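See below for the structure under consideration.
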There are 2 protein chains.
Amino acid sequence: MDPRPITDTGWQRTGKLWSSLKEVCDLLRIPVTAAVADHDTLFQHVQFKAGQRIHTIGQPFDVLYVVNSGFLKTVMIDVFGNEQILSFPMKGDLFGVDGIHGRRYESEAVALTNCDVILVPFKKFTALGKAHPELEAAIYGVMSRELIREQSMVTMLGSLSAEARVARFLVNLSERFSELGYSGKQFNLRMTRHEIGSYLGLTLETVSRTLSAFNEMGLISVDQRAIDIKDFNALKTLRRLPPSRTRDKQKLAKAAAAAAAAGAAPQQFAAA
Amino acid sequence: MDPRPITDTGWQRTGKLWSSLKEVCDLLRIPVTAAVADHDTLFQHVQFKAGQRIHTIGQPFDVLYVVNSGFLKTVMIDVFGNEQILSFPMKGDLFGVDGIHGRRYESEAVALTNCDVILVPFKKFTALGKAHPELEAAIYGVMSRELIREQSMVTMLGSLSAEARVARFLVNLSERFSELGYSGKQFNLRMTRHEIGSYLGLTLETVSRTLSAFNEMGLISVDQRAIDIKDFNALKTLRRLPPSRTRDKQKLAKAAAAAAAAGAAPQQFAAA
DNA sequence: CGTTCAGTTGAGGCGGATCAACGGACGTGG
DNA sequence: CCACGTCCGTTGATCCGCCTCAACTGAACG
C-alpha cells in the first residue's frame, strides 16, 4: 500500500556501541544523581538506514527507544486504514511508549534518515527505577511529558487554521534544533510535504502553498527542504494569514477583472 | 469568558468516604493480586457538584483522580487562549496525569454532573508500586493507555469528516456505558453541543446538524440530550454522509447506509 | 536519458464555519 | 402561579478555507 520501499525490520549492526545509564539520562534530559551516574548498566545502540522500520504495529513490545542521532517518524493507522503521522522523533526523544499498555506497539516507527537508536529494555528500565527513586520519578515525568505533547497536538488540530499549524510546526522544529545546539534559523526538513501534511492534518498541497506564502511574505525563505527563518516572532504569533489582497496585488487585480468580465460576480467579491 | 458560574475549587465533604487500594484498582481495571487486595491503605473520596472545578491550570500537582461516579470534562487552553476539551472522564477513568511532568496541572477538570471522585496521592501510589511490582506495571500501563487514547484523538482529528467524528463519539460513549453495565443503546448526554464540538474540533451547529441527520437516517433517535442508538453497526462503519441531495430522499439515504454497513469502502479513503 | 518521486501552482468545488433567527427548557423573582 | 431572562438546541442562508484534481518542473537515480 505504501509505495516507498521500506526494508523490513532488521538491524544494521555496523558501528555497534553501548551507552551508560548516565548517557541515556542525559539524552532524555533527566537530571542524574551520583548513584545513577556511577551505574554500570549498558544500553545497546542499533543503526538503521533511511527507510527502515524500527518497529511495526502489533509487534511484541520489549524495549523503549531513545534517539541518539537521526530523524524518524511514528505512524498510527486507524480503524479505517488512514495513516496518521504522530511525531518526528529526533535526538533525545523517546518512542515506543504506546507499547507498554497492551504489550504490543500501537504504532510503527520508520527512519527518515540514517539513525542511531538506543534500545532501552522496559523491564530493565523500571528495575533501575526501583533502585533509584529519582530515576523512577523521571520515568513517570517523561511519560507525562509525552501525554502533554499529544494533548497539545489535539488542541492544535482542533482549533488552528492551516497557516497557524504550519507556523507552529516550523517554530517547534526551530526550538528543538536550538535546544540541541544546532541553528534554529536555518535547517533542512527531513520529511516530505506529504508527511508534514499528515502530521498537521492537512494535504501536501496546502502545506506547500502555505510555505510559499510565508516565503512571499518574507517570514521564511524556502528552497525544497531547506528552511531559513527570517521572522521567528511573526511565525510564533501568527494565527491566520492577512487577507490575500495585502499579499499580492497583481493576482487580486487579475481575479477582480476576471470576475467583472464574467458578468455574474462570484459571491466572495460581490461582498467586498 | 465562560458564562457559566463555576464555583471555585472547594470540596463538598458531605458523604465523605474512603476506598481501599483494591477498590481503586478495580475501578481502574487493574488486575489485583492477593497482596494488593489485602493492603490496608485507604484513599479519600471527595464530592463535587455540577459546575465545580476539581483542579485548575497551573495548580500544584499532588494527586491523581479516579472517577467513582458522575461525569466531568478536562479542558486545555492553548497559547492563543483557545479552549479545547480533551476528555470526558466517567466512572473508572483516571485524570490529572498531565500534572506529573511539571508538578503543575496543564489542564483543568470540571464536573458536568454531581461527582464522586477518589483522590490518589501520586507519591503514595508510586510508593505502593515499589512494594508490588505488578501494581507498578499497571501504573505504567494506565499511563500508556492514556497516551494511546490521545493518539487516537489526533488520528481522528487529522483525518475524519464531521459525520465520522460524531459517529465515533457516539460509538465510544455507547461502548463505555456498556462496559460499565449501563445501556449502550439508550443514554443521556451529559455535555452540551458546544462541548461536544470542542472535543471533536467542530462547531456546535455542525454537531447539531449531524445528530439531526443521523436521526433522519434512522441511525439514532435524538431528543435534546437523550440518545437512542438504532443502528450501531452503521455508526461504527460510517465515514461520510451521502451527498445532501440524496439525503433528502430518505430511501436513498437508507440504501447508502446499508452499503456502508456492508463494508463497501467509499472511494475517497480507500485509496489512502 | 528515461523514469519516478517531490514539490509547486492553478482552477474549481465542497464541507463545515459563520451569521442569524427562532423555539423550547429551565430557573428566578414578582 | 405566570412573566421573564438565559441558556441550549435546531435550522436556514451564506461564505470561505481547504481539499481535490490536474498539469508542470526539477531532482535523484539507474
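Sequence lines set the chain letters: A, B, ... in the order given, protein chains first and strands last, and positions in each chain run from 1. Given the structure is predicted, the values throughout are model-derived calculations rather than measurements.
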Between D/dC8 and B/Thr192, is there an OP1 or OP2 to side-chain N/O distance shorter than 4.0 Å? no
Between CD1 of A/Ile227 and P of C/dG7 the distance, given in whole Å, is 10 Å
Do A/Asp78 and B/Thr155 get their side chains close enough for a donor-acceptor pair, meaning under 3.5 Å? no
Can you measure A/Glu216 atom CD to C/dG10 atom C1' for me and round it to whole angstrom units? 13 Å
Just the rounded figure in Å: distance from C1' of C/dA6 to CG of A/Leu211. 13 Å
What is the nucleic acid contact for A/Leu204, judged by heavy atoms within less than 4.0 Å: base, sugar-phosphate only, or nothing? base
Taking CE from A/Met191 and P from C/dG7, how many angstroms apart are they, rounded to a whole number? 11 Å
Report the nucleotide, chosen from D/dT20, D/dT11, C/dG7, that has the shortest atom-to-atom distance to any side-chain atom of A/Ser208. C/dG7
Give the rounded distance in Å between these two atoms: CZ of B/Phe214 and C1' of D/dT11. 17 Å
Within a radius of less than 6.0 Å around NZ of A/Lys236, do more than 12 heavy atoms belonging to other residues, nucleotides or ligands occur? no
Under 4.0 angstrom between B/Thr206 side-chain N/O and C/dG16 OP1 or OP2: no
Taking for each residue the nucleotide of DNA chain D bearing the nearest heavy atom, is the 5' side occupied by B/Ser212 or by A/Arg209? B/Ser212
Starting at atom CD1 of B/Ile196, determine the distance to atom P of D/dC8, rounded to an integer number of angstrom. 12 Å
B/Phe187 and B/Tyr182 aromatic centres sub-6.0 Å: no
B/Arg193 atom CZ is separated from C/dT18 atom C1', nearest whole Å, by 19 Å
Can you name the residues that form a side chain to side chain contact (heavy atoms under 4.5 Å, CB included) with A/Ser87, not counting sequence neighbours? A/Thr74, A/Pro89, A/Arg149
Close side-chain approach of B/Leu173 to B/Leu189, heavy-atom, < 4.5 Å: yes
Give a yes/no on whether any side-chain N or O of A/Arg225 is located under 4.0 angstrom from OP1 or OP2 of C/dG7. yes
Please state how far atom CG in B/Asp223 lies from atom C1' in D/dT10, giving the value in whole angstrom units. 12 Å
Classify A/Gly197 by what it touches in the nucleic acid, base, sugar-phosphate, or nothing, heavy-atom distance under 4.0 Å. nothing
Please compare A/Glu205 and A/Gln224 by the position of their nearest nucleotide in DNA chain D and report the one closer to 5'. A/Glu205
